[in-house]
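What's counted below: heavy atoms across the whole structure, side chains too, no hydrogens, waters or symmetry copies. Each ligand, and each atom within it, is numbered from 1 in the order the structure gives. Quick caveat: nothing in here was measured; it's all calculated off a predicted structure.
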Amino acid sequence: MELSTLFLGKMMHRLDETDSTNVWLAARLHENPVEGTVVLSDFQTAGKGQTGNTWLAEPGSNLTFSLLFRPRFLPPTAAFYLSKMVSVALHRTLTECLPDAEVHIKWPNDLLVNEHKIAGILIENQFSGKEIKNSIIGIGLNVNQREFPGGGYGRATSLRLESGKEWDRDALLERVLQHLEGAYLQLKSGKKEAIDRYYLQHLWAYQEVTTLRIQGKEQPGVVTGVDAAGRLAVQLGQKLVYFQMKEVEFCF
Ligand code: BTN
């Protein structure tokens with residue numbers, strides 16, 4: 001299949017099975033793969049999620065893939081822009097696919113459709129001095145899967161469940177890659193404010209009172225933004241508090 005992108009996915013590895021596409025790509029960095037290389041697998045035996053979790057996906061039903069960017073234009077302190085940019089690209093894709101659905105970005109970079117998780121992102125960067133040398137962007141997008149652990153329509157969803165129809169995974173991949181390439185080039189050309197604006201505009205619970213679980217305790221707070229390091233800013237009563245991943249959870 002000839003993709004309509006400029007560089008993303010021009011080099012594409014299609015695997016039936018691997019442990020994790022992120023691991024597969026990381027193990028080949030010494031071969032100096034071209035920027036924009038994509039590796040897609042129908043099944044992962046040890047798919048990795050954020051904060052050491054596993055990513056489970058039914059074989060042959062979803063999109064589980066990783067791609068390589070070399071964002072040398074970004075200082076390591078701005079690495080969170082990669083998370084934002086990928087979230088924005090997936091959000092754009094999902095709103096195009098599901099125009100009537102509510103699509104949100106849940107900090108730091110989960111995608112929710114009608115309050116259910118539809119996609120997750122795992123970014124693994126390699127730094128060299130003052131540069132981000134390699135960025136492996138791993139994406140798991142639930143496409144045609146109908147049942148999820150925990151039963152049917154639990155905390156997770158898929159395009160199939162939200163739209164009632166089957167999706168052509170190749171056509172969908174092409175749309176995702178187009179949006180990813182567009183958002184990456186937007187970032188590369190310095191349009192950080194546009195990425196910031198889009199991310200905040202679609203951020204779950206932004207400027208709303210929401211219930212958060214902090215150190216095991218549920219309490220109300222207002223999400224006021226995300227700082228340069230990617231920490232979530234929450235107004236808790238009179239105090240503005242910044243949280244890293246795992247320090248705070250949304251209750252919904
Ligand atoms: C999360 O929400 O916890 C992140 C999930 C990321 C899953 C994808 S699937 C393709 C790529 N390879 C992996 O091992 N993980 C990412």
request  = Salt-bridge test for Lys10 and Glu2: reply yes if a basic N is under 4.0 Å from a carboxylate O, no otherwise.
outcome  = yes
query = For the side-chain contact (heavy atoms from CB on, under 4.5 Å) test, which of Asn125, Leu187, Ile132, Asn134 pairs with Pro71?
reply = Ile132
key: Geometric class of the His202/His91 ring pair [parallel <30°, tilted 30-60°, perpendicular >60°]   = tilted
List, one per line, each side-chain donor-acceptor pair under 3.5 Å for residues 239-252, sequence neighbours excluded.
unit_1: Glu247; atom_1: OE1; unit_2: Gln244; atom_2: N; d: 2.8
unit_1: Glu249; atom_1: OE2; unit_2: Arg213; atom_2: NH1; d: 3.0

query = Tyr184 vs Phe7 aromatic rings, parallel, tilted or perpendicular, using cut-offs 30° and 60°?
reply = tilted
inquiry  = Could you report the tightest heavy-atom contact between Gly129 and Pro76, atom names first, then the distance?
reply    = O-CG, 4.2 Å
Contact residues of ligand 1, where a non-hydrogen atom lies under 4.0 Å away = Ser20, Thr21, Asn22, Gln44, Gly47, Lys48, Gly49, Gln50, Trp55, Thr64, Phe65, Ser66, Asp110, Lys117, Gly120, Ile121, Leu122, Gly138, Ile139, Gly140
